[in-house]
Structures are given as structure tokens and as C-alpha cells.
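Everything below concerns the one structure shown next.
Worth saying up front: this structure is predicted, and the values here are computed from it rather than measured. When a ligand or atom number is given, it counts from 1 through the structure's own listing order.
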Amino acid sequence: MAIDVRPPGPKLSPLAALRAFRQEPLALLERLAPYGDVVRIRVPRADAYLLNHPDLVHGALVGDHRAFHKGPTIQAAKMLLGSSLLTSEEEIHHRQRRMIQPMFHHERIAGYADAMVRHADRAAERWTAGGRVDIQAEMSALTLAVVGETLFGTDVDEGRSATVRRAMTDTLGMFDRVYSPLFRLLVRIPSPTMRRYHRLEADLNRVIAEMIAERRASGLTGNDLLSLLLRAREDGTGMADEEVRDEALTLFLAGHETTAIALTWTWWLLARNPGAEERLHAELDAVLGERAPTVADLPNLPYTRAVVSESLRLRPPVWAMGRSSVAEHRANGHTIAPGSIVVIAPWLLHHDERWWPEPLAFRPERWLDAEQDERPRYAFIPFGGGPRVCIGEPFARMEAAMIVASIARVWRFEAASSHEPELQAVITLRPRGGLPMVPSRR
Ligand code: HEM
């Protein structure tokens with residue numbers, strides 16, 4: 001595979017580059033891509049490099065991963081999330097990852113499938129045929145309910161879980177601001193927003209502390225992730241309550257918005273592609289008939305799983321990942337000095353016609369035919385790669401497939417408008433202002 005190296009990139013002043021990244025990040029990425037597989041742009045106080053080739057992505061995320069730490073956005077998120085799996089580095093990260101990984105093994109998460117189907121059915125009870133719903137809000141409420149139950153368990157009373165959900169969504173709303181150049185300053189000013197944030201954070205900490213104390217008192221027998229975090233041991237030592245809180249918050253944040261966005265785009269893409277929608281319905285009818293799906297059905301639903309993969313390709317919820325280099329890194333003959341920022345963009349890699357024929361077409365079939373064996377592994381990275389690959393990938397894939405199967409068995413959606421939704425690339429790739437759709441019964 002030829003890798004094209006032609007840095008430096010376009011003539012953009014550092015401030016203009018930063019402004020373009022904040023205001024129209026996808027357009028900036030698309031403007032940079034034609035300059036080559038390694039593109040350098042200057043941003044204030046650093047060089048930034050876009051790596052846009054599967055081999056270079058492998059080099060940075062896998063081969064030479066030690067040369068990198070998480071990028072500036074995730075580092076800013078430490079203020080909210082503390083030191084957790086998502087934000088920590090090196091030895092602390094390894095330890096946390098080793099302790100938490102077993103919670104995401106297939107057998108463990110298979111136990112959550114029923115909760116996923118139950119919450120999908122409950123969400124559908126709110127819809128009326130021919131009515132109008134914001135599918136993004138619906139999918140968000142649904143994945144929030146799923147992660148709420150799997151993380152905190154069914155024994156959590158409704159009032160308390162509502163407090164957690166409200167506080168988490170509001171506090172995590174702060175994340176939309178982390179791209180602001182003034183973020184570090186904003187969070188230190190006692191503005192009404194920050195006072196509200198601190199109040200909610202205190203509520204959240206209180207509720208999580210109560211739940212931790214109750215679980216410790218009752219012998220930690222539950223199968224919810226909070227009980228598992230409290231039971232986790234490495235060399236005989238477990239996590240302090242503070243660490244458990246940070247990890248629980250992180251799993252809640254990382255686990256709900258991304259999956260909700262993936263499902264939102266899946267319904268929209270199916271509505272725009274009647275051929276694929278028909279094939280999905282045919283598979284569900286043949287395999288499930290009149291009954292709800294169970295985890296045992298997943299191997300027999302290859303088209304349903306391909307629909308999810310194709311949606312993750314066309315609309316990757318995590319559209320870019322950033323890294324800060326801490327040691328020199330060689331990217332195909334080019335030297336990236338320590339202190340640089342590296343950007344890897346699923347948005348570009350997933351739409352690159354070198355790896356994807358008809359890249360903008362929604363064709364779940366491409367996940368079923370021999371075509372997929374010829375594609376470079378790192379041309380598709382919705383969950384990242386290497387030691388920092390998404391720990392929740394099996395959970396998210398199962399959740400998305402179970403929810404698509406249980407809803408599409410009964411419902412279909414039409415877009416309420418013929419306009420393409422505008423994309424809002426914040427941390428995740430959202431439809432700006434939500435996505436109105438009209439449900440009908442099949
Ligand atoms: C479709 C849904 C999801 C997508 C697209 C997604 C995407 C990603 C990506 C791209 C990364 C790597 C970021 C980087 O390297 O900079 C990541 C990391 C992570 N994700 Fe996910 N994720 C999803 C669902 C979930 C779920 C359901 C959970 C947990 C329940 C989760 C928990 C995490 C955690 C804890 C990390 C950090 C892992 C580490 O650094 O060791 N994610 N995710």
C-alpha cells in the first residue's frame with residue numbers, strides 16, 4: 001500500500017486552523033485530506049498532524065502506542081471525570097484496564113441482553129403510528145435506561161436513578177464546551193452554570209457514595225457493573241471508592257451517548273435505503289417471527305449486524321481521536337516530535353474510496369461478501385484500536401443489534417423532512433437540533 005507523505009499541509013495560520021477545527025471540523029478534515037496521508041498544520045503552541053492511512057493509524061494506535069497520550073480534549077475531561085480508564089495513562093491505565101476488562105467478556109454482557117430488549121419495548125410504548133418523535137432523544141433515553149440498569153442495577157429505586165440520570169446528563173453536557181479555548185478558565189469562574197454544575201456533581205457524588213456503601217454493607221453480590229467494580233481485585237487490592245466513582249461515571253458517559261448516536265443514524269439510514277430496510281425486515285421475520293429477540297439469536301442475524309456496522313462506517317459516532325505525542329514518532333519517514341498533536345479521523349478513513357467502493361452508499365452487504373477480507377483492518381475504526389480500543393465495543397455492538405432487532409421487528413421510521421440533517425461534530429457526531437422522524441407499524 002503506497003503511503004503518500006507530503007507535509008506541510010495547507011497555508012492556514014495557527015489561529016485560523018484552530019478556529020476552523022472548532023467551527024467546522026468535518027469541513028477542515030475534508031480540506032486537509034487531499035494533501036496526503038500525513039498532513040501537518042500548525043495550531044497555537046504545537047504542530048498538529050493528520051494521519052490518514054490505515055498503516056499509519058496502526059503505527060500510532062498499536063505499533064508505537066507508547067509514544068502517545070490522550071489528546072487535549074480528553075485531558076480537559078479529567079476535570080470532570082477524574083482519573084479513569086478513559087483519561088488515565090500508562091501504569092494506572094493498565095491496572096484499571098486489567099481490572100475492568102473481565103466485566104465486558106461475552107458471557108458477562110450476554111446477561112444484559114434481556115434488559116436491552118425490555119427497555120426497547122418500553123420505549124416503543126411511547127410512540128403512536130403517524131406521530132412525530134425526535135429519534136435522537138428517544139434513542140438517548142433508551143440507552144440511558146439500559147446503561148442505568150446495567151451499571152447501577154434494578155434495585156436502584158426510581159427516584160435515585162432519576163437523580164443520577166439527570167445529574168449525569170446535565171453535568172456531562174459540560175463536555176460540549178471542552179473545545180472552547182477558554183474551557184480551563186470557564187470551569188474556574190463561579191458562574192451560574194458552574195454553580196449548577198457543582199450542585200449536580202455534589203448530588204451525584206452523594207447518590208453514588210450511598211449506593212457504594214449499601215453494596216459494601218450487603219456483601220457485594222449483585223451483577224451490576226457497580227458491584228463488579230467494587231469486587232474487582234488486582235494483586236489482592238481493589239479500588240478506592242473515589243476510583244469506583246470515577247470509573248462508574250466514565251462508563252456511564254462513554255456508554256450511552258455514543259450508542260444512542262449510532263442507533264439514531266441507523267434509523268435515518270434505513271429510512272433512506274428501502275432496499276436495505278426490506279432485507280433487514282425479511283431477516284427478522286424469518287429468524288424471529290412473532291417473538292422478541294434473545295442473545296442466542298444474534299449469530300443468526302448477520303444482516304442486522306451488518307446494518308449496524310455500515311451505520312458505524314458512514315456516521316462514526318466518534319468522528320476523530322486526538323493524541324499528544326510524548327516521544328518521537330516516525331510516520332512513514334516523517335518525524336513527529338514530542339509535544340505534537342496527532343489526529344486520526346474515522347470520518348475520513350471510513351469514507352475513503354481507496355478502501356470503500358462507492359464510499360457514500362449505505363450497503364450493509366459489504367460486510368457480508370468477500371470484499372471485507374481485502375480491506376485493511378485499520379480502515380474501519382469506529383471503536384479505535386490498540387490498547388486504548390473501546391472496552392465497551394462488545395456491549396455496544398450487542399446493544400445496537402438487540403435494539404435494532406426488537407424495534408425493527410414491529411416499527412419502521414420515515415424521516416420527517418427530506419432535508420439531510422446538519423451534522424454537529426462535538427465529541428460525538430450528532431444531528432444538529434435532533435432528528436425528527438415519523439414511526440409507523442410494519
Ligand atoms: C457505538 C458505541 C460506541 C462507540 C462508537 C465508542 C467509541 C469509542 C472509541 C473510538 C474509543 C477510543 C477513543 C480513543 O482511543 O481516543 C472508546 C473508548 C472507550 N469506550 Fe467506547 N464507544 C462506544 C460504546 C461504549 C460503551 C457501551 C462503553 C461502556 C459501557 C464504552 C466505554 C469506553 C471506555 C471506558 C473507553 C476508554 C477505554 C480505554 O482507554 O482503555 N464505550 N470508545
Side-chain angles (χ1 to χ4, degrees), residues 51 57 60-62 65 68-75 77-78 81-90 92-101 103-105 108-109 112 115-116 139-140 142-144 146-152 168 224-226 228-229 246-266 305 308-324 341-347 349-350 378 380-404 427-430:
L51 301 185
V57 171
L61 294 185
V62 188
H65 69 89
F68 298 98
H69 281 177
K70 287 288 177 100
T73 309
I74 295 291
Q75 284 175 17
K78 267 190 189 170
L81 289 178
S83 172
S84 73
L85 208 49
L86 192 67
T87 56
S88 61
E89 302 291 351
E90 301 185 4
I92 299 180
H93 175 258
H94 295 167
R95 174 177 176 268
Q96 296 301 89
R97 182 98 195 189
R98 281 194 303 266
M99 285 216 261
I100 297 176
Q101 190 71 62
M103 297 173 205
F104 288 91
H105 283 166
R108 174 66 74 184
I109 59 170
Y112 300 137
M116 293 165 179
M139 292 302 113
S140 208
L142 171 51
T143 57
L144 201 60
V146 170
V147 85
E149 178 171 333
T150 48
L151 203 52
F152 297 121
M168 284 212 179
D224 55 288
L225 290 173
L226 190 60
L228 299 178
L229 286 171
D246 291 348
E247 297 299 352
L249 262 173
T250 297
L251 294 175
F252 198 94
L253 159 75
H256 110 264
E257 157 95 359
T258 40
T259 318
I261 292 293
L263 285 162
T264 300
W265 289 119
T266 303
R305 288 182 282 118
V308 172
S309 294
E310 185 65 343
S311 161
L312 288 169
R313 182 185 71 81
L314 272 176
R315 292 281 187 275
V318 177
W319 52 278
M321 281 167 264
R323 293 287 188 272
S324 300
I341 294 169
V342 162
V343 176
I344 292 170
W347 178 255
L349 289 153
H350 291 188
Y378 286 83
F380 182 63
I381 48 162
F383 296 99
R388 305 305 297 247
V389 71
C390 176
I391 202 168
E393 174 174 355
F395 184 105
R397 281 187 178 279
M398 182 177 84
E399 181 178 10
M402 294 306 288
I403 288 177
V404 167
I427 300 272
T428 53
L429 187 61
R430 302 178 189 158

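Remark: the backbone N or O of His350 is paired with a side-chain donor or acceptor of Arg313 at under 3.5 angstrom. A donor-acceptor pair under 3.5 Å links the side-chain atoms of Glu247 to the main chain of Leu85, judged by distance alone. Of the possible donor and acceptor atoms, none in the side chain of Ser311 sits under 3.5 Å from a partner among the backbone N and O of Leu263.
Residues passing the side-chain hydrogen bond (donor to acceptor under 3.5 Å, both in side chains) test with Thr259, sequence neighbours excluded: none.
No heavy atom of Phe252 sits closer than 4.0 Å to any atom of ligand 1. At least one heavy atom of Lys70 sits closer than 4.0 Å to an atom of ligand 1.
Heavy-atom proximity to His93, at under 4.0 Å, picks out these atoms of ligand 1: 39 (C), 40 (O), 41 (O). Atom numbering of ligand 1 starts at 1 in the shown order; those under 4.0 Å from a heavy atom of Phe395 are 27 (C).
Atom 12 (C) of ligand 1 has Arg388 O, 3.6 Å as its closest protein atom, hydrogens excluded (heavy atom only). With hydrogens left out, the protein atom closest to atom 16 (O) of ligand 1 is Arg323 NH1, 2.8 Å, a heavy atom.
Residues Arg388 and His93 have side chains that bring a donor and an acceptor to within less than 3.5 angstrom of each other.
Polar contact with ligand 1: absent for Thr250 (N/O pair, distance under 3.5 Å).
Within the set Pro394, Pro382, Ala400, Pro346, the minimum heavy-atom distance to atom 5 (C) of ligand 1 is found for Pro382. The option with the heavy atom closest to atom 36 (C) of ligand 1, from among Ile100, Leu253, Leu86, is Leu86.
Contact annotation for Arg97 and ligand 1: only side-chain heavy atoms (C-beta onward) come within less than 4.0 Å of the ligand.
Between Arg108 and Met103, the closest heavy-atom pair is CG-O, 3.2 Å.
Considering only heavy atoms from C-beta on, Met116 comes within 4.5 Å of Phe395 through its side chain.
Of all protein N/O/S atoms, those lying under 2.8 Å from atom 21 (Fe) of ligand 1 come to 1.
When Ile74, Ile341, Leu61 are each tested for a side-chain contact (heavy atoms from CB on, under 4.5 Å) with Arg323, only one passes: Leu61.
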